Amino acid sequence: MIQASRRQWIKFDIVLLLYIVFLVWLRSWLGIVVIPFIFDAYITKKIPWTWWKKSKNKAVLTVMGWVDAIVFALVAVYFVNLYFFQNYVIPSSSLEKSLLVGDYLFVSKMSYGARIPQTPLHMPLTQHTLPVFNCKSYLEWIQWDYKRVGGLGTVQLNDIVVFNFPAGDSVATAIPADDLYRLSYDAGRQLSQPVDMSRLTLEQQRQVFAYYYTAGRKYIDENPQLYGKVIARPVDRRENYVKRCVGLPGQTLEIKDRIIYLDGKPNKEPDNVQYRYIVRTKGRIPEDLCHELGISQEDLMMYYPEESVYNLPLTAQAKAALSARKDVVLSIENMPDEPIDGLYPVNKITGWTLDNYGPVWIPKKGETIDLTLDNLPVYERPIHAYEGNRIEVKDGKIYINGQETTRYTFKMDYYWMMGDNRHNSADSRFWGFVPEDHIVGKPIFIWLSLDQDRGWLDGKVRWNRLFKFVDTIK
């Protein structure tokens, strides 16, 4: 007969109720197998969960006490990070001056609904690599399909969003920050004879780009001393990025003269949006003026002392303030809008630039698009890499999973993400759409902000940014 106190039963009932609510939220009844262990821990106590507490050996008591505390902490952190919130630090200047390098963010996973872990066996507080050991921090023995629990809302236009880097499914470990696909196309192009693409049909152009990619990828694989080993990463173990969502599923996005248009209507620019300018000066910009205007040392890197010219990212406010300093500045001009290599899609001749891009329709779950050789490069990656289909082109015809087709219906929603530092942001203009299964969460507030250009006794902590809500950064 079970002998348990009323207090034990009350504790068990509370824990069981909370656990069942948790399972209902997850919509997963596999966790029912844990209930007998909860029952034993509180009521029957057949399993000696705390056997070490009865030991008379002080070393055992001390060591196992620490082990017990560490295991509990790791399990607690594991579940909190998976389903509720996590910390994220801004590593690059792509969102400046809205979010700054050194801002530490409290990221809510409940805002959009947490994902059930696709790679559940991983070390808490690591994304993909174990510090010191420099090896994978996760095991791929178990891989679960994408599933998201109910959240407080959905991604809204102009939200700042944390997500897994879509092009991070394969990574050259020596240069993990670079997009392997762009690297492959660039290497293949450099290794090949120049080709006049304007004289080729769309199918012939596709064949040339395929050759570039194959040749470039082969070169990367054969030169690990330059690129490192190429590894694949599961969706939830890819690098975390943070950008602003400037295009929602089903919208048509186009950038014209720097302004983003959605379905033909201009989208509001962020208050602190930055563009690069050619700034001609009478010498170096004084340090105190840089600090006053929020111009970082990174911003100042592109300075040409022979001509006394800066290539400088500025907000509208900083540009106006700098223009007024006639004792320092001679002139400020817009950066010329010139075509650059590597814009998405990399395997298509578009003529698009950072300031004049598109139009591009953003895929929406359940909606169908007509596929042609002209738009296939734009939608090939979502269809193949994110939704798991095999694509071939033969004799000008498109085949998906071996079946000839002229249409495709998307299985997921997609988003268009861009940085507020528009000329210094690797974003959707370079690697395309962000699938819904890559969405991690929504930054809620800045809990710490450290200025990398300042010392601890010289204003390193940006006190005015502490506990600033990200939703107020428009």
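For this chain, numbers begin at 1 and follow the sequence in order. Note that these values count all heavy atoms, side chains included, but never hydrogens, waters or copies made by symmetry. The structure presented is a predicted model; accordingly, all values stated were derived computationally and were not measured.
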Before you tell me yes or no, could you show the steps for Asp103 and Arg462 under salt bridge (Lys or Arg N to Asp or Glu O under 4.0 Å), namely the whole-Å CA-CA distance, both residues' side-chain angles and the distance that decides it to 0.1 Å?
CA-CA 9 Å; Asp103 281 350; Arg462 304 185 187 103; 3.6 Å; yes
Do Leu99 and Ile446 pass the side-chain contact (heavy atoms from CB on, under 4.5 Å) test, and can you show the C-alpha distance, the side-chain angles, and the key distance before you say yes or no?
CA-CA 9 Å; Leu99 291 177; Ile446 301 166; 4.0 Å; yes
With salt bridge (Lys or Arg N to Asp or Glu O under 4.0 Å) as the criterion, how do Lys218 and Asp221 come out once you've worked through the C-alpha distance, each side chain's angles and the decisive distance to 0.1 Å?
CA-CA 5 Å; Lys218 183 173 183 289; Asp221 290 339; over 6 Å; no
Run the numbers on Val273 and Met418 for side-chain contact (heavy atoms from CB on, under 4.5 Å), then give the verdict.
CA-CA 11 Å; Val273 66; Met418 286 175 56; over 6 Å; no
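In the displayed structure, Lys460 atom NZ is contacted under 6.0 Å by more than 12 heavy atoms of other residues, nucleotides or ligands. Residue-environment remark: CE (Met412) exceeds the threshold of 12 foreign heavy atoms within 6.0 Å. Atom CD of Glu333 is surrounded by more than 12 heavy atoms from other residues, nucleotides or ligands within 6.0 Å.
Ring centers of Phe433 and Trp416: under 6.0 Å apart, within the cut-off. Here Tyr344 and Trp431 keep their ring centres 6.0 angstrom or further from each other. You'll find the ring centres of Tyr414 and Trp361 outside the 6.0 Å limit. Aromatic ring centres of His438 and Phe165 lie farther apart than the 6.0 Å criterion allows.
Residues Gln274 and Leu314 fail the side-chain proximity criterion, which asks for heavy atoms closer than 4.5 Å. Side chains of Asn375 and Ile369 form a contact here, defined as non-hydrogen atoms less than 4.5 Å apart. At least one side-chain heavy atom of Arg244 sits under 4.5 Å from a side-chain heavy atom of Ile473. Counting only heavy atoms from C-beta outward, the side chains of Leu95 and Ile160 approach each other to under 4.5 Å. Using a 4.5 Å heavy-atom threshold, the side chains of Val195 and Gln193 count as separate. Residues Glu367 and Phe410 fail the side-chain proximity criterion, which asks for heavy atoms closer than 4.5 Å. The shortest side-chain heavy-atom distance between Leu23 and Ile32 falls under the 4.5 Å cut-off. Side-chain atoms of Arg276 and Leu312, non-hydrogen and from C-beta on, never get closer than 4.5 Å to each other.
The salt bridge (charged side-chain N to carboxylate O under 4.0 Å, His left out) test applied to Glu338 returns no partner, not counting sequence neighbours. Judged as a salt bridge (charged side-chain N to carboxylate O under 4.0 Å, His left out), and not counting sequence neighbours, Lys411 has no contacts. By the ring pair (Phe, Tyr, Trp, His ring centres under 6.0 Å) test, Tyr415 is found to be paired with no residue, residues two or more places apart in sequence or in another chain being considered. Annotation: salt bridge (charged side-chain N to carboxylate O under 4.0 Å, His left out) contacts of Glu269 (sequence neighbours excluded): none. For Lys268, the salt bridge (charged side-chain N to carboxylate O under 4.0 Å, His left out) partners at least two apart in sequence or on another chain are Asp271.
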Which pairs would a plain distance check flag for residues 390-402, meaning a side-chain donor or acceptor within less than 3.5 Å of a matching protein atom at least two apart in sequence or in another chain?
from: Asn401; atom 1: OD1; to: Arg390; atom 2: N; distance (Å): 2.8
from: Asn401; atom 1: ND2; to: Asn389; atom 2: OD1; distance (Å): 2.9

Would you give me the side-chain donor-acceptor pairs under 3.5 Å for residues 107-115, sequence neighbours excluded?
from: Ser108; atom 1: OG; to: Met110; atom 2: N; distance (Å): 3.3
from: Ser108; atom 1: OG; to: Ser111; atom 2: N; distance (Å): 3.2
from: Ser108; atom 1: OG; to: Ser111; atom 2: OG; distance (Å): 3.0
from: Lys109; atom 1: NZ; to: Asn81; atom 2: O; distance (Å): 2.6
from: Lys109; atom 1: NZ; to: Gln86; atom 2: OE1; distance (Å): 2.9
from: Tyr112; atom 1: OH; to: Asp159; atom 2: OD2; distance (Å): 2.8
from: Arg115; atom 1: NH1; to: Asn164; atom 2: OD1; distance (Å): 2.8
from: Arg115; atom 1: NH1; to: Asp437; atom 2: O; distance (Å): 2.7
from: Arg115; atom 1: NH2; to: Asn164; atom 2: OD1; distance (Å): 2.9

Could you list the donor-acceptor pairs under 3.5 angstrom formed between side-chain atoms of residues 207-216 and any protein atom two or more places apart in sequence or on another chain?
from: Tyr213; atom 1: OH; to: Arg217; atom 2: NH1; distance (Å): 3.4
from: Thr214; atom 1: OG1; to: Ala210; atom 2: O; distance (Å): 2.9

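Taking all atoms of both residues into account, the shortest heavy-atom contact from Arg381 to Ala167 is NH2-CA, 3.6 Å. Taking both residues in full, the closest heavy atoms of Leu262 and Gly247 are given as CD2-CA, 4.1 Å, listed atom of the first, atom of the second, then distance. Closest heavy-atom contact between Leu300 and Ile295: CD2-CG2, 3.7 Å. Between Pro345 and Val378, the closest heavy-atom pair is CG-CG2, 3.9 Å. The shortest heavy-atom contact between Cys245 and Val155 is SG-CG1, 3.9 Å.
Rounding to the nearest 0.5 angstrom, the gap separating the OG atom in Ser93 from the CG atom in Asp420 is 11.5 Å. For the atom pair Asp471 CG and Phe445 CZ, the distance stands at 12.5 Å (nearest 0.5 Å). Atom CD of Glu380 and atom CG of Asn347 lie 5.5 Å apart (nearest 0.5 Å). How far SG of Cys135 is from NE2 of His128: 12.5 Å, rounded to the nearest 0.5 Å. For the atom pair Tyr357 OH and Ile260 CD1, the distance stands at 11.5 Å (nearest 0.5 Å). Separation of atoms CD (Gln205) and OG (Ser198) is listed at 8.5 Å; rounding is to 0.5 Å.
Sorted by first and then second residue, the side-chain hydrogen bond (donor to acceptor under 3.5 Å, both in side chains) pairs involving residues 170-181 (not counting sequence neighbours) are Asp169-Tyr181. A side-chain hydrogen bond (donor to acceptor under 3.5 Å, both in side chains) check over residues 137-151, counting only residues at least two apart or in different chains, returns the pairs Thr119-Gln143, Thr126-Ser137, Lys136-Glu140, Tyr146-Arg148, Tyr146-Glu436. Sorted by first and then second residue, the pairs that involve residues 68-95 and meet ring-ring contact (aromatic ring centres under 6.0 Å, His included), not counting sequence neighbours, are Phe22-Tyr83, Trp25-Phe84, Tyr78-His122, Phe85-Phe106. Pairs of residues two or more places apart, or lying in two chains, never qualify as side-chain hydrogen bond (donor to acceptor under 3.5 Å, both in side chains) while including a residue from residues 249-263.
No donor-acceptor contact under 3.5 angstrom links the side chains of Asp374 and Thr372, judged on distance only.
Of the possible donor and acceptor atoms, one in the side chain of Gln156 sits under 3.5 Å from a partner among the backbone N and O of Thr154.
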